[in-house]
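Please read the structure below before turning to the comments.
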Amino acid sequence: MFDIIFEEGRKQYLQSLGIVAGLDNEDKFDSIQGLSPAIAVQQNTICQSNTRSTVGSKTNIMNRLALLYAGEGSILCSNCGTAVNDNLFCLECGNSEERLSPSYFSNLSPNGMCIKCSGRGSYFEVDMEKLVSDSRMTLEQVLDGVGLTPGYLRLFQRKFHSYLAIPFLQLPEEVRGEIIYGHYANGNSEKRSACLTNIFHTRLHRGEPLNGVYANIVCSECHGFRVGEEARAVLLNGKHIGQLGRMTISEVNELLEDLSQQNTFTMMGKNLLQEILLKTNNLIKARLGHLSLYREMPTLSGGEIQRLFLHSHLDAKMDSMIYVLDEPTAGLHESEKLDVLKFIQELKDLGNTVIVVEHHSNAIKIAEHIIDIGPMAGIEGGEVIYEGDLEGLLECKESITGQYLSGKMPMPSRTKHPCIETVPCLTIRHAKTNNLKNVTAAIPLGVMVGIAGMSGSGKSSLISNTLLPLLKNHFRNKQDGNEETEMGNEVEAMMTQMVADRLEGLEHICGYAEISQAPIGRSSSSNPASYIGIWDKIRSLFAKQPAAVKRKLFSGHFSFNSKGACSECCGSGHTAIWLGGNLKIEKPCTACYGKRFNHDTLSVEYKGKNIYDILELSVSEAVVFFEDNKVIVTALKVMDRMGLGYLKLGQPTPTLSGGEAQRIKLAKVIGRRRKGNTLYILDEPTTGLSLYDTAKLIELLDQLIANGNSVIVVEHNPAVLTSCDWMIELGPGGGPEGGYIIAEGSPDVLKGNPKSLTGRYL
């Protein structure tokens, strides 16, 4: 869908403008007609990682507020702090001021950002009281206390050996500074010497607990408002722009509504006010009013991001476009999915064509025209099984989708395990992470537990940000062999107090495995073979072949990222035509014809196939091809069992659907040998899965339970939640309106609980 409709729509539009010419269709289709310029909203488009991107910048509200403040704000005298008149003259002290340009009101601009925190409102700093809890602690004790790796510990001991026995606080100031902040070697700012700040920062990005020693603190200069002193001296209704940035959208809307009633604005100011109010009102209707304008995009839930992106397209009010939406209801509560479907209907009503790639039953049911592609996936798919309205789909015997929607092919039913009082539990006591309101949650073990609730209700806060860090810390201490030491217990106690009072019941599990929503690879050089860990083994196998030994080709020669790469395309398989900015069109490499490897590498064969042929094998084909190599075939068999037999070993991971990526992660984790009762934690595993694939997933999770493991599933899918033995629902709303456990019990219990927002959809 994206490779043809979106790419060809974009290409034809660019060719019509004369920007690019001479590109063929690469035999993807015979002919294509009726295309308009296309816009795609793909799953990988809405993965947010830039912490500089905020709700205010993404919606363009902060830019409009900057214009409003620059043109209409009342300026305080920098000398005495009273308001200056329209001529920018202070009657109190006679001082004159200058009106600021809009850039001074942006925390992303060098003119406007607070210099101390670079416009972030906070910065990371070593907490000296926690680093040195006792004034008698020597340097050696401090280094031991922060848990340095053996390599770093030896480095510090060798460098500061003459100071190790001296109390840290009595060390010379320059020595303390070098230990904590380092110094720049040879004046090169890129080569800072090893120091605790760098080590802590690296740990932070790895998600390791830092026990509060290295913490994010509010900037002492701007007090978290992110903008400089000049911008903070310009007010609207008594508030500067930094204060609006920290307000929720609902609060900003209320303040601006009050401003709109005043008759002190120019025509431009009134127009800006109306534009901003239109945006804030629409965001409130999209149930995003609880977000602040400074809220960073990576911290939003999947549902909040989906609604924000769809809102931005609605706000543009473009017509005669083709919108291609990739599973727009992914990551949403059932009630929120209805809102998104309304947005999609509005896009169509504006005069656009909307093509939705979806598995959700309600999205399929409201479609005016349905195209069902199958019958299965991969090489077993690719055919149009049905095309027409919903009624015809439900009657189509060849359509697996139609069979599930009509109820003729039901979801698998699990034998439920009753969660009685004698069932062992993991109990989180008084969790207060993010928006959690002192929550105590008992999670039964040996069963399948569903965590439900609205987007932003606290599901991720409870599981990803509370339970998982506690598990990581506990089992890391056990692996280090210091779980019985005084320091190990102290570190674990400090870690626990940061997110909850304590975690009970750890003696009932032997380990844990996490399957998150994190992408499995953003680079085109990443593929299923490399991700599951068999690619190195395959390359080593080729390096042992007689032809490779004769040509002195080693493992690195069978990598398109290294010595084996085609010299023309550097192993990418294509050449790029840049159109300016980030826009490019790609064509297959004329030297390797898209195979990515050079001639010498391709001349070596194993069982009649070269390395390119191996990457072109499907998982199912590879299971047969490598049947005599247990190390390689084990992981492939797990993928095959999970319905991924059609995937090619060399398919670039960015081209995988969300559901495929999720199942590959699951296959990698399940394929590892583990002992005893393992706790499996899955974050929305049905994202991108068809009804058929969801049924396979439920069967797989049931098998994990049957093998003596425990499963926690953070989910919105009613089919999966109905299959759970126990459910914990958070809410009642998102953001500040969430953070409570509003219902818990079996799915049948939640169906009859009037407080449960999920029970009515089960």
remark   = Sequence neighbours excluded, the answer for salt bridge (Lys or Arg N to Asp or Glu O under 4.0 Å) partners of E125 is none
Test log, rule side chain to side chain contact (heavy atoms under 4.5 Å, CB included), inputs L325 and F343 = CA-CA 12 Å; L325 308 180; F343 287 165; over 6 Å; no
Partners passing salt bridge (Lys or Arg N to Asp or Glu O under 4.0 Å) against E296 (at least two apart in sequence or in another chain) = R226
query = With a cut-off of 6.0 Å (strictly less than), are more than 12 heavy atoms of other residues, nucleotides or ligands near CZ of F156?
reply = yes
request  = Could you list the residues that satisfy salt bridge (Lys or Arg N to Asp or Glu O under 4.0 Å) with K648, not counting sequence neighbours?
outcome  = E616
inquiry  = Can you confirm whether L697 sits close enough to T686 that some side-chain heavy atom of one is under 4.5 Å from a side-chain heavy atom of the other?
reply    = yes
key: S320 backbone acceptor or donor facing N352 side chain under 3.5 Å   = yes
inquiry  = Which residues pass the side-chain contact (heavy atoms from CB on, under 4.5 Å) test with A529, not counting sequence neighbours?
reply    = N527, I534, W535, L649
Within-4.5 Å side-chain heavy-atom neighbours: Y323 and I355 = no
message = Going by side-chain contact (heavy atoms from CB on, under 4.5 Å), name the residues that satisfy it together with A363, two or more places apart in sequence or in a different chain.
response = L341, E358, H360
request  = Could you tell me whether the side chain of S618 and the main chain of Y646 form a donor-acceptor pair under 3.5 Å?
outcome  = no
inquiry  = Can you pull out every salt bridge (Lys or Arg N to Asp or Glu O under 4.0 Å) where at least one residue sits in residues 590-613? Sequence neighbours excluded, please.
reply    = K607-D628
task = Carefully, step by step, assess L666 and M642 under the rule side chain to side chain contact (heavy atoms under 4.5 Å, CB included).
result = CA-CA 9 Å; L666 193 57; M642 297 186 66; 3.3 Å; yes
Going by atom type alone, with no hydrogens or angles, which donor-acceptor pairs under 3.5 Å involve a side-chain atom of residues 537-544 and a protein atom two or more places apart or on another chain?
| unit_1 | atom_1 | unit_2 | atom_2 | d |
| --- | --- | --- | --- | --- |
| K537 | NZ | G533 | O | 2.9 |
| R539 | NH1 | S555 | O | 2.8 |
| R539 | NH1 | S555 | OG | 3.1 |
| R539 | NH2 | D536 | OD1 | 2.7 |
| S540 | OG | D536 | O | 3.0 |

task = Using side-chain contact (heavy atoms from CB on, under 4.5 Å) as the criterion, list what pairs up with L108, not counting sequence neighbours.
result = R52, S57, S106
request  = Applying salt bridge (Lys or Arg N to Asp or Glu O under 4.0 Å), name anything that partners D693, two or more places apart in sequence or on another chain.
outcome  = R663
message = Between L691 and I400, is there a side-chain heavy-atom distance shorter than 4.5 Å?
response = no
message = Donor-acceptor pair, distance only, cut-off 3.5 Å: does the side chain of T59 make one with the backbone of V55?
response = yes
message = Between I199 and Y214, is there a side-chain heavy-atom distance shorter than 4.5 Å?
response = no
key: Side-chain heavy-atom pair L468, E514 within 4.5 angstrom cut-off   = yes
task = Just grab all the side-chain hydrogen bond (donor to acceptor under 3.5 Å, both in side chains) pairs involving residues 556-570, residues at least two apart or on different chains.
result = none
Contacts of type ring pair (Phe, Tyr, Trp, His ring centres under 6.0 Å), residue Y593, not counting sequence neighbours = none
ask   = Should L700 and K696 count as side-chain neighbours, where that means a heavy-atom distance under 4.5 Å?
value = no
request  = Using side-chain contact (heavy atoms from CB on, under 4.5 Å) as the criterion, list what pairs up with V633, not counting sequence neighbours.
outcome  = V623, K637
query = More than 12 foreign heavy atoms under 6.0 Å from OH of Y152: is that the case here?
reply = no
ask   = Under 4.5 Å between any side-chain heavy atoms of I515 and P685, yes or no?
value = no
